[in-house]
Student: 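I have a structure here, written as structure tokens, and I will follow up with some questions on it.
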Amino acid sequence: MAADSSSPARTVPVLVPTPSERPYTYAVSAGVTVRPGSIVQVPLGPRLVPGIVWDAPEGGADEVDPKKLRPIEQAFDCPPVPAGMRRFIDWVARYTLSAPGMVARMVLRAPAAFDPEPPTPGLRITDGRPQRMTAARERVLELAEDGLAWTRSGLAHAAGVSLSVVDGLVKAGSFETIDLPPQPVVAAPDPEFGEGELSPDQQSAADDLRAVVEKGGFSATLLEGVTGSGKTEVYFEAVAAALDKGRQVLVLLPEIALTHAFLERFHARFGAPPAEWHSDLAPKTRERVWRQAADGRVRVVAGARSALFLPFCDLGLIVVDEEHDPAYKQEDRVFYNARDMAVVRAHLGGFPIVLASATPSVETRHNAEAGRYRHVTLDRRFAEAALPDLRAIDMRRTPPARGKFLSPPLQAEIGKTLERGEQALLFLNRRGYAPLTLCRVCGHRFECPDCSSWLVEHRFRGQLMCHHCGHHEPVPEACPQCGTLDHLVACGPGIERIAEEVVGRFPDARAIVLSSDMMGGVKRLRLELEAIAEGQADIVIGTQLVAKGHNFPNLTLVGVVDADLGLASGDPRAAERTFQLLSQVTGRAGRTGKKSLGLIQTYQPEHPAMKAIVTGDGEAFYASQIAERERGQLPPFGRLAAVIVSANTRAEAEAYGRALRAAAPPAGDIMVLGPAEAPLALIRGRHRFRLLVHGTERADLQTYLRRTIAAAPKPRGSVRVSLDIDPQSFL
DNA sequence: AGCACGCCGACT
DNA sequence: GTCGGCGTGCTC
């Protein structure tokens with residue numbers, strides 16, 4: 001049907017970054033060309049915002065009051081968001097019960113990337129020669145004499161001179177400035193560059209993955225192999241296969257800012273690093289990566305979970321490394337698990353996905369066992385040499401001295417390790433000096449004024465700090481309640497306190513503390529890690545972050561100070577988490593074939609997670625965990641959603657929680673539990689209550705929650721409701 | 001989500 | 001008398 005030329009301005013739906021359930025409608029002025037996926041700038045209230053032209057709804061476009069209709073301000077000259085990505089945005093919005101615009105907002109978070117990249121300023125040699133010639137100037141001119149264009153810094157670097165030499169030659173008229181085409185943010189990876197020898201076991205796994213990629217189409221594969229079995233090299237072959245097909249690849253990593261080692265291995269295999277994508281990217285780089293993922297110049301992105309929302313033009317493979325890692329779960333604004341959404345992305349895009357882990361999540365293991373995912377296993381035997389000898393230390397039998405935290409057997413092994421000139425790592429997942437400080441006289445406990453949590457003493461900084469908000473205060477000399485001087489007592493250990501104990505016990509050893517709150521940030525941390533790898537420390541005391549993929553070749557002892565820490569919550573997922581974390585951290589030892597040892601201090605050596613670690617029998621552990629989940633109808637045998645109600649007062653939050661509960665319609669396959677005070681009942685001055693919606697495997701939680709919210713009264717005052725489908729915590 | 005509008009407390 | 005707190009409502 002021909003368009004009526006006399007009709008009013010053409011309109012299109014545009015997804016804008018608001019919580020609106022539907023796209024808004026905008027007029028398209030003459031001369032503006034847009035199609036679904038086009039990124040546009042539109043007026044929204046008093047400001048201009050980016051938006052994505054959406055697909056016309058099936059039932060025809062929405063009727064909009066013509067008085068409200070405003071025109072698209074400009075269509076950006078950039079590749080449109082592909083249809084597969086648009087379907088993905090819709091899918092994520094529906095699944096997570098977020099507004100599509102808020103999901104689109106995650107795609108559009110590279111503000112300046114929508115305009116074409118400006119040309120790179122370049123230099124080309126001219127006939128002019130400077131009056132004064134110097135050795136440095138000669139080197140520069142010699143390099144450039146073939147007439148090819150150079151960047152200013154590239155030329156200076158190649159000639160081994162400072163920028164001022166180049167600038168001087170420009171001033172002298174020996175170079176003219178020209179426009180170079182925008183530079184790629186990384187060089188193209190070469191699939192054949194560093195093809196190396198794989199073990200027979202790796203080779204057959206790699207062949208399998210290659211075949212899957214070559215065949216194309218959707219498939220999900222769990223690549224399971226213990227630490228040291230060479231999973232990364234195996235999935236690199238899948239990456240190579242996708243590159244051979246000319247497709248783009250996304251490798252998701254948990255907390256990429258710290259995975260320097262991965263980038264180096266990638267570089268060694270492909271002759272160029274992947275493009276990085278994470279929150280502390282420089283804005284300029286961020287912009288270029290976004291743009292070049294969209295136009296296809298970037299072939300491989302290694303990124304944190306938000307990389308899932310990059311507008312790749314031809315994505316053909318996703319790898320999720322350490323697929324079990326809790327860092328994949330985003331818990332603000334849009335609540336999503338990047339691992340699960342990655343599977344959806346692959347499904348919608350019709351391409352394969354590989355989930356890699358030494359200790360898969362119970363959900364993924366179950367999917368593999370049920371045949372929904374393919375299962376490729378790297379044989380444990382080939383990694384045997386790289387595995388430490390693991391033992392539990394029963395803290396009831398060999399307790400540490402009073403006020404100390406290292407048991408005699410662990411101390412003895414540290415001593416032996418030092419004597420051999422090797423390194424020891426002590427792992428404790430708790431920052432600071434002590435998690436609780438109290439007054440010995442009156443019993444006063446230091447609490448955060450805005451959160452329901454103890455203040456953690458950080459002796460190094462002389463502060464009491466809240467780990468849930470920014471609150472911190474100097475450690476006082478007198479108790480604020482009873483005024484008694486010098487009677488504050490630290491309860492329990494943090495890594496600073498372990499460091500103190502280590503220094504007292506091994507005064508000649510070089511000890512170093514590594515934790516995420518270290519001053520100096522990521523850069524400093526990386527330097528510290530390199531220093532450790534080079535052997536500039538004897539004992540490393542670290543939190544969580546030492547568990548992640550760093551290789552310290554001389555490390556032969558790992559001591560877990562408090563293996564029971566993660567089990568305290570009583571969450572059904574705690575055992576699994578403990579198993580995963582302890583596997584990862586003990587795997588830091590012995591990556592070079594030296595005999596190595598992992599010692600696990602625990603008060604419950606009979607716990608299935610401890611037994612699984614010590615015996616290396618993950619199979620029995622997974623079987624027991626899966627059985628337990630099945631019994632409780634917990635994921636993946638049932639479905640869970642959490643509803644978090646927060647408000648400025650406890651009463652408001654609780655009242656609205658009750659109102660929601662009352663509004664929840666009866667359903668045969670869904671149960672509502674709560675409201676109960678959330679695990680952290682007060683965060684940043686906001687009181688929180690939680691409802692848990694528990695359904696059968698087939699239950700439609702989304703529709704149920706939609707109905708419940710619609711039936712409940714509108715939240716008033718400071719009350720906010722957020723929905724978390726598939727929450728991390730089952731409590 | 002942002003942003004403006006609007007109505008009540010302490011100060012240039 | 002104003003500046004500024006954040007509750008309420010709206011954005012095609």
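Computed from a predicted model, the values in this text were never measured in an experiment. Quick note on labels: first sequence line is chain A, next is B, and so on, each numbered from 1.
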Student: Got a salt bridge between A:Arg573 and A:Asp571, using NZ or NE/NH1/NH2 to carboxylate O under 4.0 Å?
Tutor: no

Student: Looking at A:Glu473 and A:Leu464, would you say the former's side chain and the latter's main chain have a donor-acceptor pair under 3.5 Å?
Tutor: no

Student: Indicate yes or no: does A:Arg339 engage A:Asp726 in a salt bridge with an N to O separation below 4.0 Å.
Tutor: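 A:Asp726 and A:Arg339: not salt-bridged.
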
Student: Output yes when A:Arg87 and A:Asp55 qualify as a salt bridge under the 4.0 Å nitrogen-oxygen rule, no when they do not.
Tutor: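 Looking at A:Asp55 together with A:Arg87, the answer is yes, because their closest N to O distance falls below 4.0 Å.
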
Student: A:Ile52 CD1 to C:dC12 P: how many Å, rounded?
Tutor: 18 Å

Student: Under 3.5 Å, is there a donor-acceptor pair linking the side chains of A:Gln463 and A:His472?
Tutor: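 Distance-only check passes for A:Gln463 and A:His472.
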
Student: Would A:Arg684 and A:Asp450 pass as an ion pair if we require N to O under 4.0 Å?
Tutor: no

Student: Round to the nearest Å and state the distance from A:Lys68 atom NZ to C:dT11 atom P.
Tutor: 4 Å

Student: How close or far is atom C1' of C:dT11 from atom CZ of A:Arg70, stated in whole angstroms?
Tutor: 8 Å

Student: Tell me, for nucleotides 1-8 of chain B in 5' to 3' order, what letter each nucleotide earns: B for a base near a protein heavy atom under 4.0 Å, S for only sugar-phosphate near one, - for neither?
Tutor: BSSS----

Student: Check nucleotides 3-9 of chain C against the protein and report each pair of N or O atoms closer than 3.5 Å, with its distance, or say if there are none.
Tutor:
unit_1	atom_1	unit_2	atom_2	d
C:dT8	OP2	A:Gly717	N	3.2

Student: Could A:Glu654 and A:Arg650 be called an ion pair, given the rule that one side-chain N must be under 4.0 Å from one carboxylate O?
Tutor: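 Answer for the salt bridge query: yes.
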
Student: I need the CD-C1' distance between A:Glu21 and C:dC10, as an integer number of Å.
Tutor: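 So the CD-C1' distance, A:Glu21 to C:dC10, works out to 16 Å.
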
Student: Please report whether the ring centroid of A:Tyr336 lies less than 6.0 Å from that of A:Phe309.
Tutor: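 Yes; A:Tyr336 has its ring centre under 6.0 Å from that of A:Phe309.
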
